[in-house]
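Written out below as structure tokens is the structure these notes cover.
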Amino acid sequence: MDYNSFRDRQPSTAVTVKTDVTFTLHGEDQTTASLLLAKDGADYDTIAMTQVVGGFTLTVTPPTPGLWFYAFALGDGRFLSASMAGLGGPAQIVAELSQVQPYQLTVAASFDAMPSWYQDAQIYHIFVDRFNNGNQDGRVLAPKANSFLYGQLTHDPYYVKDAAGEVVRWDFYGGNLAGITAKLDWLQQQGYTALYLSPIFEAASNHRYDTADYFHIDPMLGDLSAFKALVAGLHQRGMRLILDGVFNHVGRDSRYFNAVGHYPTVGAAQSPTSPYYDWFTFKHYPDDYASWWGVADLPAINKTSQSFHDFIAGGPDSVIGYWTGLGVDGWRLDVVDELDTAFVTQIRQLLDQYPDRVLIGEVWEDASNKVAYGQRKPYLLGGSLQAVMNYPQRELMVQFAAGQMPAAAVAQRLLTMQANYPPAVFAYNFTSLGTHDTERLKTLLPEAA
């Protein structure tokens with residue numbers, strides 16, 4: 001018997017719930033065949049297929065959203081299985097059920113709409129501190145205490161760390177929002193239609209993933225008027241703005257944790273009576289607490305803190321509501337796999353109240369079947385993320401260009417993603433060639449640079 005999931009399942013992509021899906025086997029060497037179909041985490045149901053000229057066929061209608069996995073049982077006791085775990089394409093025959101590698105069928109509650117501007121967007125990622133200083137005299141805005149500034153833009157980045165490897169002096173080039181605004185004509189001339197910025201809210205570091213105040217532009221980047229000028233400049237050119245939403249952790253030196261005491265508010269590290277206390281998880285108060293990957297500078301948010309969720313996405317006065325109301329066109333959720341599923345849904349529900357906005361998640365793997373902390377993430381099943389960072393496709397492109405993967409293997413993996421994803425997600429996913437998290441192509445592919 002012969003089966004190829006890209007050819008012999010119709011539709012061959014993800015489907016919405018209660019859609020008919022037809023499976024076809026080719027060959028006449030069997031007297032019977034059955035579909036083995038299992039909802040994610042459950043045992044297989046065996047469903048007899050109908051024999052037709054040249055093989056077998058069966059149409060099923062998945063009744064509920066989620067991931068469904070399938071293979072085929074043949075009349076001679078053997079099985080038709082995917083050739084490799086997690087991949088679609090041609091099947092192989094195996095002798096035992098334990099050897100079966102199932103195919104995936106993604107069944108969404110609904111397919112999310114994708115803003116038209118995002119479908120064809122050419123996105124430029126800016127690490128703001130390193131991009132451009134908009135002050136004509138090169139003056140750096142509001143330099144931070146206990147940091148250093150580079151004397152020349154040509155100087156290489158250098159971190160000053162202590163014996164434990166902790167950064168004790170952050171380095172800054174002085175890029176700011178006005179510097180981006182000054183380059184908008186150039187960016188548009190290069191063909192870019194949207195900007196994705198690294199975090200811009202007040203923080204101690206140069207990368208600003210250690211948020212200190214979600215409602216305050218970092219003074220080194222400018223102020224609210226500089227932000228509004230950037231938004232206006234983008235929209236006047238028909239361009240869009242995507243911000244980085246860092247909602248899994250904050251800075252140790254933030255008004256919410258306030259371990260250093262820089263803020264007048266009572267932070268969680270200062271008193272259990274702090275309004276922010278339940279945002280964090282203390283193992284031994286106040287100096288031992290859950291942090292992102294053990295980095296003490298980044299206290300982790302308690303994933304079940306509804307007060308934090310409402311602070312971020314509780315309405316027009318929340319963080320998402322406030323900045324989106326000022327013209328932000330999209331949000332990229334940092335380390336989205338570490339956020340509570342209900343929190344992501346809450347963010348999406350708020351964002352849906354603003355027209356033509358998009359919610360993107362940082363997912364490094366196939367987002368249709370992502371598992372994090374023992375839970376399957378329903379990112380692409382409707383009402384959650386509209387798109388993800390398409391790192392799998394970037395990796396395939398790099399490996400192919402470097403001669404590390406043949407074209408046939410690249411095609412099989414791309415076709416598997418196409419089969420697993422809702423059509424619009426696959427067509428318009430955020431495929432980045434380079435970000436602050438990836439090695440630059442000039443380094444990876446020096447001969448092509």
Side-chain angles (χ1 to χ4, degrees), residues 115 117-118 121-134 140-142 170 172-188 190-248 250-251 312 319-320 322-336 347 351 354 356-362 387-389 430-438 440:
W117 68 263
Y118 181 77
Q122 300 295 314
I123 302 172
Y124 190 80
H125 173 45
I126 294 178
F127 191 101
V128 184
D129 177 72
R130 289 349 196 206
F131 183 65
N132 184 45
N133 186 329
V140 174
L141 300 175
W170 288 103
F172 295 90
Y173 277 82
N176 50 41
L177 298 182
I180 300 174
T181 304
K183 292 287 187 178
L184 289 182
D185 286 339
W186 175 82
L187 288 163
Q188 188 174 42
Q190 306 309 305
Y192 297 108
T193 61
L195 302 183
Y196 155 46
L197 305 187
S198 62
I200 62 173
F201 304 132
E202 185 172 333
S205 69
N206 53 28
H207 54 69
R208 298 185 175 87
Y209 282 90
D210 52 332
T211 310
D213 188 335
Y214 286 107
F215 283 101
H216 193 199
I217 301 293
D218 192 293
M220 288 193 73
L221 302 183
D223 55 18
L224 188 58
S225 64
F227 173 79
K228 290 180 178 180
L230 173 59
V231 172
L234 284 164
H235 290 172
Q236 287 166 8
R237 293 167 174 81
M239 300 171 71
R240 306 287 179 151
L241 177 64
I242 300 170
L243 291 189
D244 213 331
V246 187
F247 306 135
N248 175 71
V250 298
I312 297 297
V319 172
I320 294 278
Y322 175 74
W323 293 105
T324 304
L326 289 178
V328 173
D329 300 289
W331 291 86
R332 178 262 195 189
L333 298 183
D334 183 57
V335 292
V336 67
I347 293 172
L351 209 56
Y354 301 84
D356 296 326
R357 265 51 176 201
V358 67
L359 185 63
I360 307 162
E362 180 195 14
V388 292
M389 304 289 287
F430 191 159
T431 304
S432 56
L433 295 180
T435 71
H436 62 286
D437 283 324
T438 60
R440 301 300 182 184

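This structure is a prediction, so every number in the text was calculated from the model and none was measured. Any value given below was found using the heavy atoms of this structure, including those in side chains, with hydrogens, waters and symmetry copies removed.
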Please report the shortest heavy-atom distance between [X] and [Y], naming the atom on each side.
X      : Y      : value
Met239 : Tyr192 : CE-O, 3.4 Å
Ala194 : Trp117 : CB-CZ3, 4.2 Å
Trp170 : Ala204 : CD1-O, 3.7 Å
Asn132 : Ala182 : ND2-CB, 4.3 Å
Thr438 : Thr435 : OG1-N, 2.9 Å
Tyr214 : Trp323 : O-NE1, 2.9 Å

Side-chain heavy-atom pair [X], [Y] within 4.5 angstrom cut-off:
X      : Y      : answer
Val319 : Phe215 : yes
Thr324 : Leu351 : yes
Phe201 : Leu243 : yes
Phe247 : Trp331 : yes

To the nearest 0.5 Å, what is the distance between [atom1] ([X]) and [atom2] ([Y])?
X      : Y      : atom1 : atom2 : value
Ile180 : Leu184 : CD1   : CG    : 8.0 Å
Phe131 : Tyr124 : CZ    : OH    : 5.0 Å
Met389 : Ile360 : CE    : CD1   : 7.5 Å
Arg208 : Ile200 : CZ    : CD1   : 9.5 Å
Leu195 : Ile242 : CG    : CD1   : 8.5 Å
Phe430 : Ile123 : CZ    : CD1   : 4.0 Å

Run the side-chain donor-acceptor check on residues 220-227: report pairs under 3.5 Å with partners two or more places apart or on a different chain.
unit_1: Asp223; atom_1: OD1; unit_2: Ser225; atom_2: N; d: 3.2
unit_1: Asp223; atom_1: OD1; unit_2: Ser225; atom_2: OG; d: 2.5
unit_1: Asp223; atom_1: OD1; unit_2: Ala226; atom_2: N; d: 3.0
unit_1: Asp223; atom_1: OD2; unit_2: Ser225; atom_2: OG; d: 3.4

Working for side chain to side chain contact (heavy atoms under 4.5 Å, CB included), residues Leu230 and Leu197 = CA-CA 12 Å; Leu230 173 59; Leu197 305 187; 4.1 Å; yes

With sequence neighbours left out, the residues meeting salt bridge (Lys or Arg N to Asp or Glu O under 4.0 Å) with Asp437 are Arg332

Taking only residues two or more places apart in sequence, or in another chain, which ones meet Asp185 in a salt bridge (Lys or Arg N to Asp or Glu O under 4.0 Å)?
-> Arg237

Using side-chain contact (heavy atoms from CB on, under 4.5 Å) as the criterion, list what pairs up with Thr193, not counting sequence neighbours.
->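 Partners of Thr193 under the side-chain contact (heavy atoms from CB on, under 4.5 Å) test: Ala121, Gln122.
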
Residues passing the side-chain contact (heavy atoms from CB on, under 4.5 Å) test with His235, sequence neighbours excluded, are Val231, Asp329

With sequence neighbours excluded, what pairs up with Asn206 under the side-chain hydrogen bond (donor to acceptor under 3.5 Å, both in side chains) test?
->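 Asn206 satisfies side-chain hydrogen bond (donor to acceptor under 3.5 Å, both in side chains) with Asp171 only.
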
Option from Asn248, Asp334, Asp244 for which side-chain hydrogen bond (donor to acceptor under 3.5 Å, both in side chains) with Tyr209 holds | Asp244

Do His125 and His436 have side-chain N/O donor and acceptor atoms under 3.5 Å apart?
-> yes

